[in-house]
Amino acid sequence: EAAVTQSPRNKVAVTGGKVTLSCNQTNNHNNMYWYRQDTGHGLRLIHYSYGAGSTEKGDIPDGYKASRPSQENFSLILELATPSQTSVYFCASGWGPNTEVFFGKGTRLTVV
Amino acid sequence: QQKVQQSPESLSVPEGGMASLNCTSSDRNFQYFWWYRQHSGEGPKALMSIFSDGDKKEGRFTAHLNKASLHVSLHIRDSQPSDSALYFCAASEPNYAQGLTFGLGTRVSVFP
């Protein structure tokens, strides 16, 4: 079973602070994704990556940066957190288009 | 406008009954469809994919795709309490790097 591990699982941050969400996958998948899940909006793609060193903007990238320093690791960075970024964030990995995507258990972020 | 639309928003089914979920797309570029299931506190997990017109059966789950109308359905036979979850329909274009576009989900509750 493909494994995607997110940390932390829960995070409370202050408005204006910097937040880093981390993701590790042991599947050797090329593609990794960051989504956020909000009631009424489903799962929305923030950033994705083809492989180490690459990051691409998804559908809602504003206010977020991403970093893919290695095949296994993909981080989501909120440089100046805002309450509107309170959400549940999911990291996922997969071999590429048209293939199954494997999700982590999620990080619940609350910005106060 | 949501590119992948799901109905109903929620569904209550008696244990042992049949649950039927619907999904339509407004984008004719979508060729590949997936059903994902998310239990409370977990990340989504792929149930099944369907890429060709017609039916695809996996155990108690049957998906049906009509590419002409861009309609895909999921039928859960002999529903079990463990089937209570949020079900997402997801679609993708061939070789589209961003991967899947998700609907808002259908919440299924199986009652005894």
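Everything numeric in this text was worked out from a predicted model, so none of it was measured. By convention in this document, chain letters (A, B, ...) are assigned in the order of the sequence lines, proteins followed by strands, and residues within each chain are numbered from 1. Because only heavy atoms are used, hydrogens play no part in the values below, and waters and symmetry mates are left out as well, while side chains stay in.
Between D27(B) and K3(B) there is a salt bridge, with a side-chain nitrogen of the basic residue lying less than 4.0 Å from a carboxylate oxygen of the acidic one.
When heavy atoms are compared at a cutoff of 4.5 Å, E93(B) approaches chain A solely by way of its backbone atoms N, CA, C and O. Looking at Q37(A), only its side chain comes within 4.5 Å of chain B, counting heavy atoms on both sides. Looking at L45(A), the atoms closer than 4.5 Å to chain B (heavy atoms on both sides) all sit in the side chain, from C-beta outward. For T39(A), no part lies under 4.5 angstrom from a heavy atom of chain B. Only the side chain of R9(A) comes within less than 4.5 Å of a heavy atom of chain B; its backbone N, CA, C and O stay farther away.
Considering only heavy-atom pairs separated by less than 4.5 Å from chain A, the leading option among P94(B), G103(B), P44(B) is P44(B).
For K105(A), the salt bridge (Lys or Arg N to Asp or Glu O under 4.0 Å) test picks out E42(B), with sequence neighbours left out. For K57(B), there are no salt bridge (Lys or Arg N to Asp or Glu O under 4.0 Å) partners two or more places apart in sequence or in a different chain.
Side-chain atoms of N27(A) do not come within 3.5 Å of backbone N or O of H29(A) as any donor-acceptor pair.
Counting only N and O atoms by type, the side chains of R107(B) and Y87(B) include no donor and acceptor under 3.5 Å apart.
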